[in-house]
Novice: 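Supplied in structure tokens, the structure appears directly below.
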Amino acid sequence: MAGRRAHARPRRQASRAWPEEEWAGTRERLRERGLLDGDSLSSEGAHLRRRIEKRTDRLALPAYAALGDADCERLAELASPFGRAVVEAGLLKLG
């Protein structure tokens, strides 16, 4: 699957352990659907991604609501080292 930025491709492909043939086939299918323009998301692809992200956020809310504010803060505290490790490994770029 291709991402928003072509230069992030090697990192994304490696982090997902996708063979080149599968990656290329997926890129082609996304282009055929109008979701990619070259190796970047098209405007339609960006719109779909925003919709998916919003839906994911909405579906996650009940789990966080069940924890409550104090336990959500504790979860964030406990998960922080994992998040830092992912960023430091170059698997996710913030900003």
Side-chain angles (χ1 to χ4, degrees):
M1 183 160 38
R4 289 178 289 181
R5 296 173 294 237
H7 70 274
R9 177 184 161 230
R11 200 171 38 236
R12 279 199 182 98
Q13 185 177 355
S15 72
R16 289 158 177 83
W18 279 37
E20 178 59 37
E21 186 176 295
E22 281 185 52
W23 189 268
T26 299
R27 278 193 328 253
E28 186 55 37
R29 286 188 298 280
L30 291 172
R31 283 188 198 104
E32 289 170 2
R33 292 177 57 195
L35 300 175
L36 283 183
D37 181 11
D39 282 334
S40 299
L41 286 175
S42 65
S43 59
E44 186 177 341
H47 175 72
L48 177 60
R49 182 179 183 159
R50 284 191 301 275
R51 284 184 33 222
I52 291 168
E53 292 294 340
K54 284 181 182 180
R55 183 168 191 228
T56 301
D57 291 348
R58 188 177 72 250
L59 292 172
L61 282 176
Y64 292 109
L67 290 176
D69 290 342
D71 286 338
C72 279
E73 287 180 27
R74 180 67 176 139
L75 177 60
E77 178 184 316
L78 292 171
S80 182
F82 297 108
R84 275 195 301 275
V86 168
V87 172
E88 289 170 5
L91 299 173
L92 180 67
K93 184 174 176 117
L94 300 178

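Predicted model, so just to flag it, every value in this text is computed and none were measured.
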Novice: Measuring from Leu61:CG to Asp57:CG, what's the distance to the nearest 0.5 Å?
Specialist: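 Those atoms lie 7.0 Å apart.
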Novice: Among residues at least two apart in sequence or on other chains, which ones pass side chain to side chain contact (heavy atoms under 4.5 Å, CB included) with Ala46?
Specialist: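 Ala46 satisfies side chain to side chain contact (heavy atoms under 4.5 Å, CB included) with Arg50 once adjacent residues are dropped.
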Novice: Remaining members of Leu59's ILVMFWY cluster at a side-chain heavy-atom cut-off under 4.5 Å?
Specialist: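 Traced through the cluster, Leu59 reaches no other member.
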Novice: With a 3.5 Å cut-off and sequence neighbours excluded, list the donor-acceptor pairs that the side chains of residues 66-84 form with protein atoms.
Specialist:
residue	atom	partner	partner atom	Å
Arg74	NH1	Glu77	OE2	2.4
Ser80	OG	Arg84	NH1	2.6

Novice: Can a donor-acceptor pair be found, under 3.5 Å and without considering hydrogens, that links the side chain of Arg31 to the backbone of Gly38?
Specialist: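 A pair under 3.5 Å: yes.
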Novice: Measure the CZ-CD distance between Arg49 and Glu53 for me, rounded to the nearest 0.5 Å.
Specialist: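 Between atom CZ of Arg49 and atom CD of Glu53 there are 5.5 Å.
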Novice: Go through the structure and list residues passing side chain to side chain contact (heavy atoms under 4.5 Å, CB included) with Ile52, not counting sequence neighbours.
Specialist: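 Testing Ile52 for side chain to side chain contact (heavy atoms under 4.5 Å, CB included), a comparison that skips the adjacent residues, returns Leu48, Thr56.
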Novice: What distance separates Leu36 CG from Arg27 CZ, expressed to the nearest 0.5 Å?
Specialist: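 Between Leu36 CG and Arg27 CZ, I get 8.5 Å after rounding to 0.5 Å.
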Novice: Sequence neighbours excluded, which residues qualify as side chain to side chain contact (heavy atoms under 4.5 Å, CB included) partners of Glu21?
Specialist: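 Checked Glu21 against side chain to side chain contact (heavy atoms under 4.5 Å, CB included); zero matches.
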Novice: Measure from the side-chain N and O atoms of Arg51 to the backbone N and O of His47, and report whether any donor-acceptor pair falls under 3.5 Å.
Specialist: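 No, because the side chain of Arg51 does not come within donor-acceptor range (under 3.5 Å) of the backbone of His47.
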Novice: So how far is it from Glu44 CD to Leu30 CG, rounded to the nearest 0.5 Å?
Specialist: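 Rounded to the nearest 0.5 Å, the CD-CG separation comes out at 11.0 Å.
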Novice: Looking at Gly34, is its backbone amide N or carbonyl O close enough to the side chain of Ser42 to form a donor-acceptor pair, meaning the two atoms are under 3.5 Å apart?
Specialist: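 A pair under 3.5 Å: yes.
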